[in-house]
Amino acid sequence: MLKNKINLKIITQQKVVFENDIDAFYTTAQDGRIGILPNHTPLVCALDIGVTKVVAKDAEPVFITTIGGILQFKDNRAVILTDLAELGDDIDETRAHAAYERAKAKLAAHTEKTEILRAQFALAKAIARITAAKRGH
């Protein structure tokens, strides 16, 4: 018998950020955006920095930053293990915009490869946080 819901759990080292039965979710794999519906083929993939959109029929979508990690899906159970995850409602948008501006300035000011990579990571993280805070609009 097929289930019509997915049990999604998003976990960091510190806590479970999200756990609920949902209808679908969309996240950012290293190969691009992917969507998972109930009864999807089993999957394990690496995640990139991005926003995970969680959809439940009787609720507004939930937007969560996911900063890298791994997605495992099997038998309508999905687990995202990530270094950092934040609910969009918990993000201070003003601070996220300030981090975005700092990252852009660092990126423009540095020519050393490691500093450029750090600035690019900070910029991608800030963009994901701003997007989640705006609830994907």
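Quantities reported herein were computed from a predicted structural model and do not represent experimental measurements.
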Enter the distance from Lys9:NZ to Arg77:CZ here, rounded to the nearest 0.5 Å. 9.0 Å
Once you round to the nearest 0.5 Å, how far does CG of Asn39 lie from CG of Asn4? 7.0 Å
Report yes or no: does Thr28 contribute a side-chain atom to a donor-acceptor pair with the main-chain N or O of Asp48 at less than 3.5 Å? no
Considering all heavy atoms, the nearest [X]-[Y] contact:
X     : Y      : answer
Thr65 : Ala128 : CG2-O, 3.3 Å
Ala78 : Leu71  : CB-CD1, 4.3 Å
Ile70 : Ala46  : CD1-CA, 4.1 Å

With the 4.5 Å side-chain cut-off for hydrophobic clustering, are [X] and [Y] part of the same group?
X      : Y     : result
Leu43  : Ile11 : no
Leu8   : Leu81 : no
Ile34  : Ile80 : yes
Phe121 : Leu84 : yes

Could you check whether Thr52 and Thr66, counting side-chain N and O atoms only, form a donor-acceptor pair closer than 3.5 Å? yes
Donor on one side chain, acceptor on other, Asn7 and Asn76, under 3.5 Å: no
Can you find a heavy atom in the side chain of [X] that is under 4.5 Å from one in the side chain of [Y]?
X     : Y     : result
Phe63 : Val54 : no
Cys45 : Asp31 : no
Ile6  : Asp23 : no
Val55 : Lys53 : yes
Thr82 : Leu47 : no

Could you go step by step and tell me if Val62 and Leu87 meet the side chain to side chain contact (heavy atoms under 4.5 Å, CB included) rule? CA-CA 8 Å; Val62 175; Leu87 293 169; 3.9 Å; yes
Residues, nucleotides or ligands: over 12 heavy atoms within 6.0 Å of Lys5 NZ: yes
Hey, is CZ on Arg33 packed in by over 12 heavy atoms from elsewhere, all under 6.0 Å? yes
Under the side chain to side chain contact (heavy atoms under 4.5 Å, CB included) rule, what do Tyr26 and Val51 come out as? Steps first, then yes or no, please. CA-CA 8 Å; Tyr26 306 87; Val51 176; over 6 Å; no
Which of parallel (below 30°), tilted (30 to 60°) and perpendicular (above 60°) describes Phe73 and His40? perpendicular
Review item, side-chain donor-acceptor pairs of residues 12-19, under 3.5 Å, at least two apart:
{"unit_1": "Thr12", "atom_1": "OG1", "unit_2": "Gln14", "atom_2": "N", "d": "3.2"}
{"unit_1": "Thr12", "atom_1": "OG1", "unit_2": "Gln14", "atom_2": "OE1", "d": "3.4"}
{"unit_1": "Thr12", "atom_1": "OG1", "unit_2": "Lys15", "atom_2": "N", "d": "3.2"}
{"unit_1": "Thr12", "atom_1": "OG1", "unit_2": "Lys15", "atom_2": "O", "d": "3.3"}

